[in-house]
Amino acid sequence: MTSLPERQIRPASLALVKTQSTVFARGTKPVLATVVHEEGVICRVSMLILNKTAGVFSKPSRRKPYEFLRSFNFYPGKLFLHKLVLGIETSCDDTAAAVVDETGNVLGEAIHSQTEVHLKTGGIVPPVAQQLHRENIQRIVQEALSASKVSPSELSAIATTVKPGLALSLGVGLSFSLQLVHQLKKPFIPIHHMEAHALTIRLLNKVEFPFLVLLISGGHCLLALVRGVSDFLLLGKSLDIAPGDMLDKVARRLSLIKHPECSTMSGGKAIEHLAKQGNKLHFDIKPPMQRAKNCDFSFSGLQHVIDKIIMQKEKEEGIQKGQILSSAAHIAAAVQHTIACHIAKRTHRAILFCKQRHLLSQSNAVLVVSGGVASNLYIRKALEIVTNATQCTLLCPPPRLCTDNGIMIAWNGIERLRAGVGVLHNTEGIRYEPKCPLGVDISEEVGEAAIKVPRLKMEI
């Protein structure tokens with residue numbers, strides 16, 4: 001995989017401190033300063049604001065209001081020279097926050113994952129996710145600020161995911177953020193979750209507009225041309241479910257949580273792990289939508305095919321639903337390979353379309369792949385075959401930035417702050433949007449072009 005020169009940023013050199021439920025970074029940064037008040041005053045005011053903001057969601061802390069910020073090292077008389085954005089993410093099942101500056105330094109982050117809880121219930125239960133967000137959002141924001149050694153009063157703006165996502169989860173993050181914005185009198189930057197995923201690569205690499213982005217996760221699957229901050233052309237999307245959702249459902253149907261090697265893994269990770277032990281050609285499964293010459297995706301029909309195969313194998317092996325099939329690894333390998341081929345072919349067509357229409361450079365085009373499923377190395381290798389064949393550069397954020405996180409939200413805030421796009425000084429009427437398209441949809445135009453894609457050997 002080729003790559004562009006990487007910018008020197010904090011994530012590559014941060015020391016990560018892990019607890020049972022959080023990961024937050026402690027890294028060096030420019031000297032911070034108090035510019036108005038003495039240390040004790042700022043600490044008291046900042047902590048009171050955070051406590052008041054979270055008070056409607058959780059019980060007040062028994063600690064003294066200023067205790068959290070008292071550990072900060074303030075240096076009176078010196079100024080923080082860069083813009084600072086606090087990013088807050090609660091669109092699905094991760095409560096995350098981060099502080100990022102305009103040069104791309106990640107000053108601090110924290111995250112609370114709900115994976116273990118949802119593994120036990122066999123999937124994300126929205127009211128459960130909502131309650132866990134409520135219980136953890138204040139602590140996560142405090143830990144991100146504490147790790148960054150930034151006082152809330154020094155923030156330039158607060159950026160928060162408001163669309164798309166689970167309604168109950170989005171509501172927690174938005175309510176908390178709006179109260180914090182009101183108390184601190186800071187600008188608010190509402191963030192589109194998929195835009196944040198798309199722009200994360202610019203935190204890591206010197207990627208210029210335009211570039212092509214493939215976003216693949218548990219809730220989304222789309223191809224878009226990124227022409228600028230908040231300027232997207234949608235080339236194709238999933239017509240039904242997302243690839244991550246399908247992988248999770250197949251893993252549940254195979255009862256991989258009972259498999260000794262996969263019991264603590266998410267569905268997608270379990271499939272990827274088990275597939276290494278299987279034969280991808282053991283079952284003859286055709287990729288979806290082979291006759292449709294567009295860039296849309298479909299996974300529900302493939303899931304139905306896999307369900308039928310599993311039922312047949314259960315009959316052949318004489319086992320009940322919920323027991324582990326001896327052919328589970330072969331099924332996992334076949335599913336992963338078929339999904340990879342389907343995604344690769346649609347992406348190949350998107351690259352050809354953009355080059356034919358001179359929307360991308362003929363010689364140094366960039367394909368960015370992000371979202372939770374982008375951490376699947378098998379799918380990445382399939383996409384690398386495509387980019388090698390089309391003289392493109394394939395770029396993927398590191399796995400921890402492919403999944404939901406506060407860093408991408410804060411960075412999207414920085415991008416919008418610099419561009420002067422979508423920065424609100426009046427939050428009246430702001431609402432979360434569980435469903436929200438990304439950019440201008442030109443998928444019909446892509447389909448009308450009916451571009452034939454050359455066959456590539458997917459030798460992975």
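Distance check, rounded to the nearest 0.5 Å: SG of Cys396 to CG of Leu401 gives 12.0 Å. To the nearest 0.5 Å, the span separating OG1 on Thr161 from OH on Tyr432 amounts to 14.5 Å. In this structure, the separation between CG on Leu212 and CG on Leu395 is 11.5 Å, given to the nearest 0.5 Å. Expressed to the nearest 0.5 Å, how far OG1 of Thr160 lies from CD1 of Ile409 amounts to 8.5 Å. The CD atom of Gln336 sits 10.5 Å away from the SG atom of Cys341 when rounded to the nearest 0.5 Å. Note that the NZ atom of Lys355 and the NE2 atom of His358 stand 12.0 Å from one another [nearest 0.5 Å].
Two residues are said to be in side-chain contact when any heavy atoms from C-beta on lie closer than 4.5 Å; Pro454 and His348 meet this criterion. Between Phe353 and Leu359, some side-chain heavy-atom pair lies under the 4.5 Å cut-off. For the pair Ile407/Thr200, no side-chain contact is recorded, criterion being any heavy-atom separation below 4.5 Å from C-beta on. Considering only heavy atoms from C-beta on, Leu394 stays 4.5 Å or farther from Val386 through its side chain. Looking at heavy atoms from C-beta onward, Arg252 lies out of side-chain contact with Ile257 at the 4.5 angstrom threshold. Under the 4.5 Å side-chain criterion, counting only non-hydrogen atoms from C-beta, Ser375 is in contact with Lys269.
Checking side-chain atoms of Ser156 against main-chain N and O of Leu84 turns up a donor-acceptor pair under 3.5 Å. Of the possible donor and acceptor atoms, none in the side chain of Asp93 sits under 3.5 Å from a partner among the backbone N and O of Ser113.
In this structure, the salt bridge (charged side-chain N to carboxylate O under 4.0 Å, His left out) partners of Lys249, at least two apart in sequence or on a different chain, are Asp245. Residues satisfying the side-chain contact (heavy atoms from CB on, under 4.5 Å) criterion with Val162, sequence neighbours excluded, are Leu174, Phe188, Pro190. In this view, Phe299 and His342 satisfy the ring-ring contact (aromatic ring centres under 6.0 Å, His included) rule, not counting sequence neighbours. The ring-ring contact (aromatic ring centres under 6.0 Å, His included) test applied to Phe211 returns Phe209, not counting sequence neighbours. Residues satisfying the ring-ring contact (aromatic ring centres under 6.0 Å, His included) test with His273, not counting sequence neighbours, are none. Every residue two or more places apart in sequence or in another chain that forms a salt bridge (charged side-chain N to carboxylate O under 4.0 Å, His left out) with Lys163 is listed here: Glu433.
With Thr95 as reference, His133 is the one residue of His133, Glu89, His112 to meet the side chain to side chain donor-acceptor pair (under 3.5 Å) rule. The one candidate from Asp404, Thr403, Asn405, Asn412 that meets the side chain to side chain donor-acceptor pair (under 3.5 Å) condition with His197 is Asp404.
Other residues, nucleotides and ligands contribute only 12 or fewer heavy atoms inside 6.0 Å of the NE2 atom of His182. More than 12 heavy atoms of other residues, nucleotides or ligands shown are found within 6.0 angstrom of CD on Gln362.
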Apply salt bridge (Lys or Arg N to Asp or Glu O under 4.0 Å) to Glu109 and Arg400, showing your working. CA-CA 12 Å; Glu109 65 166 321; Arg400 78 184 191 94; 2.5 Å; yes
Given the rule in the salt bridge (Lys or Arg N to Asp or Glu O under 4.0 Å) test, do Arg139 and Glu143 qualify, once you have shown the distances and angles that lead to the verdict? CA-CA 6 Å; Arg139 175 176 59 83; Glu143 287 182 357; 3.5 Å; yes
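Looking at every heavy atom in both residues, Leu274 comes nearest to Ala332 through CB-CB, 4.2 Å.
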